[in-house]
Amino acid sequence: MKLTIGGETKNFKDDLTVAELLAEEKVQNPEYVTVAVNDEFVDGPLESRRVLVEGDHIEFLYFMGGGRPWPSPTNN
Amino acid sequence: MAFTDQQLERYSRHIILKEFGTKGQKKLMAAKALIVGAGGLGSPAAMYLAAAGVGTIGLADGDVVDLSNLQRQILHSTADVGKAKVESGAETIAALNPEVNVNLHRGPVKADNVLDLIAGYDFVLDGTDNFPAKFLINDACVLSQKPFSHAGIIRFQGQLTTYLPGQGPCYRCIFLKPPPPEAVPTCRQAGVIGAMAGVIGCLQALEAIKCLTGMGQPLTGALLVFDALTMDFRKIKVPSRPSCPVCGQNPTITEPQDYELAACDLKAP
Ligand SMILES: [Zn+2]
């Protein structure tokens, strides 16, 4: 199925959960990353088991401080 | 209030803007903006707000200028190393635009002083570099129903959002609570490209000017994320969280609270 992650559309296996997506995308310290699916926040362990469906768009929102960030996004 | 000839000349490029005009300039000259953190973000924000003729600018910071600040904190110069940032900042502002009234708040912003600090201002710019301060400013602004600009920068990235009371999510809606101090494993400074502070700090100044004059659409309900390596600006929609502990339906945070800083974030004596 196709999912749009941070504006980029990619292929994933069907029935992927939010937690599995975080692992697949190698998001570090996912407990400190806010996830939004289709412009709604996904909270806590319960919702992280939410199964994503074709066409979902997902955003990872990272803490940014001022040169002392935590955690750091993976794309570095 | 009539403009002097000098003011008409100084602000002429504002005044000829149809959306801005003498009306917008007058609003700015009567406005009071508080910048918390006279560092990377606060520097360009303070300078552009001063240049724009914002009537009163408050600078809140407890630090002194360090040589390692000068790579991005353009409010301060080499000769200012060792000087209080608020004093150095006030001198830069005075040189840029002596018409601006500058209030100096020297010292850390804490739960017991933040409400008094922001009370006198129309708009707050969060230019701090740590999460306890960011959550403190958010909570104080929500509790005081005060519009403010959140910004954060790191490495080659920056983020920005604007809180307007009752009109969209707050910072806590997005991030809920500060990461725990022990979650910072090495305390290694992550670094930031200096010009990033310029980009994001200027955007904060723009948001302040827009809100103070009523121009355009503020960045509410969205987190703007900028990546300097790809030059992508992305505006990510963010909703209000009905369960937000400070701005939600049943708030549990009813007064500002201090969070612990990671031990390594504390200044050496
Ligand atoms: Zn909120």
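Every chain is numbered from 1 and lettered A, B, ... according to where its sequence line falls, protein lines coming before strand lines. Fair warning: this is a prediction, and the values are worked out from it, not measured in the lab.
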Assess whether side-chain contact (heavy atoms from CB on, under 4.5 Å) is satisfied between B:L176 and A:T34, documenting all intermediate values.
-> CA-CA 9 Å; B:L176 285 174; A:T34 297; over 6 Å; no
Yes or no on side-chain contact (heavy atoms from CB on, under 4.5 Å) for B:I174 and A:F41, after CA distance, side-chain angles and deciding distance?
-> CA-CA 8 Å; B:I174 306 174; A:F41 296 123; 4.2 Å; yes
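No donor-acceptor distance shorter than 3.5 angstrom exists from the side chain of A:E31 to the backbone of B:P179, with no hydrogens or angles considered.
With a threshold of 4.5 angstrom between heavy atoms, B:L223 approaches chain A through side-chain atoms but not through N, CA, C or O. Contacts of B:I200 with chain A are absent, with no heavy-atom separation under 4.5 Å from either backbone or side chain.
A:N11 CG: more than 12 foreign heavy atoms inside a 6.0 Å radius. At most 12 non-hydrogen atoms from other residues, nucleotides or ligands lie less than 6.0 angstrom from OH of B:Y48. Counting non-hydrogen atoms of neighbouring residues, nucleotides and ligands closer than 6.0 angstrom, the CD atom of A:E54 exceeds 12 such neighbours. At most 12 heavy atoms of other shown residues, nucleotides or ligands fall within 6.0 angstrom of atom NZ in A:K2.
At a threshold of 4.0 Å, the pair A:E59-B:K237 does not count as salt-bridged, since none of the basic side-chain nitrogens sits closer than that to a carboxylate oxygen.
Closest approach of B:F175 and A:Y62 over heavy atoms only: CZ-O, 3.3 Å. Residues B:V225 and A:M64 come closest through the heavy atom pair CG1-CE, 4.3 Å.
Taking CD from B:Q159 and CZ from A:F63, the interatomic distance works out to 9.0 Å, rounded to the nearest 0.5 Å. Between the CZ atom of B:R241 and the CG atom of A:D43 there is a distance of 4.0 Å, given to the nearest 0.5 Å.
Interface summary for chain A: among B:G127, B:G40, B:G158, B:P178, the most heavy-atom pairs under 4.5 angstrom belong to B:G158. Ranking B:S243, B:G39, B:P239, B:A197 against chain A, the residue ahead of the rest is B:P239, based on heavy-atom pairs under 4.5 Å.
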